[in-house]
Visitor: 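Input: one structure, supplied below.
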Amino acid sequence: MPSAKIYYDADANLDVLKDKTIVFLGFGNQGAAQAQNLRDTGIPNNKIIIANRPDHYAEDAKSKGFNVEHDFAKAAKAADVIFLLIPDQVQPRVFNNEVAPNLKDDATIVVASGYNVFYKLLNFKPSQDVVMVAPRMIGSSVRSLYTKGKGFPCFVSVEQDGTGKALEKALALSRAIGATKAGAIASSAREETTMDLFAEQALWPNIIMLFREAFKVLQEAGCSDEALCYEMWMSKEPAEIFERAAEDGFIRQLKHHSTVSQYGQLNGALSLDGAAAREHFQHILHNQVLNGKFCQEFSKIEEDLEKEGDANPLEILYQKSEASELGQAEKRVRARLAGLL
């Protein structure tokens, strides 16, 4: 496979953003971080608008000195650039009904997730630019790394080049939030969505299942709830392993383990036949993600996700998952050690 192009500060011209009014739709984890980084890079505060409902996020934006607009239509009319940083499931309704009809013909729309662009759920004018600037870290890290003078991994792409200058704007915005300091990786809404949904629907469900079944087997072998919970995750050892993997390499991080552990993990992994898992992964990729089946199914329950209690399908999934032996054991352990955790 060809290597992806990586863009750095030298590839981005901040002058492209001069005199542009930049609107952030949403001031949550990513919105707060990116807006502050943008301002600290030199975008005047009076050229930044936070579009947010009257809630604690809006109050947070005001406390940080930002201009807040509760009327999304009014904010959209002023926008030369608008970041869509509200949850994926509400974006189509809010954007198509309140934002899109009021945007300028040459406005630049910035998404941090490819989901709604890839599945064509947002209404854009052909004359507008649509770009993706997608940090691969949570907002608090996007902010903290910026304040330390460091960059963070980020995907960047042009999904629609209505003005002929979409890439220039995407790179300038990436630099303004601090992404090009470490290198912004050329990607696409399709690639970002594919990897994101694949991890969420194929990789991590299998990891959850493996933990659940391993817990049950070891519990039946006589291991205590406390020992299992701490051995498997509450010690935070898995988090340390993944941190080492990011720093030293997915395989080479094993060098930090005991020789017994290294041999057991490497030999065990190589002896496993991944054919069944690979077939399962291919099914998820092609028959749920790429063909849009998951998107169609998820769209049917989006409104229910805002409901309370058992009327919310996500709450039902939590209840079923927490009813497992693993979930019940952890609940007992946390209740028993409440004063120590």
Visitor: Counting heavy atoms not belonging to Lys181, are there more than 12 under 6.0 Å from its NZ?
Guide: no
Visitor: Determine whether Val110 and Leu84 make a side-chain contact, defined as any pair of heavy atoms from C-beta on separated by less than 4.5 Å.
Guide: no
Visitor: Is there a side-chain contact between Gln34 and Leu85 in this structure, where contact means two heavy atoms from C-beta onward sitting under 4.5 Å apart?
Guide: yes
Visitor: Quick one: do the Ser261 and Gln265 side chains pair a donor with an acceptor below 3.5 Å?
Guide: yes
Visitor: What about the rings of Phe95 and Phe124, do their centers lie closer together than 6.0 Å?
Guide: yes
Visitor: Going by ring-ring contact (aromatic ring centres under 6.0 Å, His included), name the residues that satisfy it together with Phe215, two or more places apart in sequence or in a different chain.
Guide: none
Visitor: According to the interplanar angle, ranging from 0 to 90°, do the rings of Phe24 and Phe83 count as parallel (below 30°), tilted (30 to 60°) or perpendicular (above 60°)?
Guide: parallel
Visitor: Once you round to the nearest 0.5 Å, how far does CD of Glu303 lie from CD of Gln89?
Guide: 11.5 Å
Visitor: Would you please indicate yes or no on a ring centroid separation below 6.0 angstrom for Phe66 and Phe27?
Guide: yes
Visitor: Just so I know, are the side chains of Cys154 and Ile185 near enough to count as touching, which here means a heavy-atom distance under 4.5 Å?
Guide: no
Visitor: Would you kindly say whether Thr163 and Asp129 are connected by a side-chain donor-acceptor distance under 3.5 Å?
Guide: yes
Visitor: Does a side chain donor of either Asp310 or Gln319 reach within less than 3.5 Å of an acceptor in the other side chain?
Guide: yes
Visitor: What's the verdict on salt bridge (Lys or Arg N to Asp or Glu O under 4.0 Å) for Arg334 and Glu330, showing C-alpha distance, side-chain angles and the deciding distance?
Guide: CA-CA 6 Å; Arg334 290 189 179 278; Glu330 182 180 37; 3.2 Å; yes
Visitor: With heavy-atom distances below 4.5 Å as the criterion, would you say the side chains of Leu285 and Leu290 are in contact?
Guide: yes
Visitor: Decide whether a cation-pi geometry holds between Arg53 and Phe72; the criteria are a distance under 6.0 Å from NZ or CZ to the six-membered ring centre and an angle within 45° of the ring axis.
Guide: yes
Visitor: Any Lys/Arg nitrogen of Lys300 or Glu297 sitting under 4.0 Å from an Asp/Glu carboxylate oxygen of the other?
Guide: no
Visitor: Whether the side chain of Asp106 engages the backbone of Gln128 through a donor-acceptor N/O pair (distance < 3.5 Å, no angle test) should be reported.
Guide: no
Visitor: Evaluate the side-chain contact (heavy atoms from CB on, under 4.5 Å) criterion for residues Leu173 and Val81: first the C-alpha distance (whole Å), next the side-chain angles of each, then the deciding distance (0.1 Å), finally the verdict.
Guide: CA-CA 9 Å; Leu173 292 165; Val81 176; 3.9 Å; yes
Visitor: If we only count heavy atoms from C-beta on, is the Phe152 to Arg136 side-chain gap below 4.5 Å?
Guide: no
Visitor: Side chain of Arg175, backbone of Ala12: donor and acceptor closer than 3.5 Å?
Guide: yes
Visitor: Would Asp248 and Gln253 count as having a side-chain donor-acceptor pair, cut-off 3.5 Å?
Guide: no
Visitor: Report the distance from atom CG of Leu25 to atom CD of Glu69, rounding to the nearest 0.5 Å.
Guide: 11.5 Å
Visitor: Determine whether the side chains of His283 and Glu279 contain a donor N or O and an acceptor N or O closer than 3.5 Å.
Guide: no
Visitor: Answer with yes or no whether the side chains of Ser127 and Asp105 bring together a donor and an acceptor at under 3.5 Å.
Guide: no
Visitor: If you measure only the distance, is there a donor-acceptor pair under 3.5 Å linking the side chains of Asp88 and Ser113?
Guide: yes
Visitor: Would you tell me whether Gln328 and Glu322 have side-chain atoms, one donor and one acceptor, within less than 3.5 Å of each other?
Guide: no
Visitor: When you compare the side chain of Ile109 with that of Val131, does any pair of heavy atoms fall below 4.5 Å?
Guide: no
Visitor: Which word best sums up how the rings of Tyr115 and Tyr119 line up, parallel for under 30°, tilted for 30 to 60°, or perpendicular for over 60°?
Guide: perpendicular
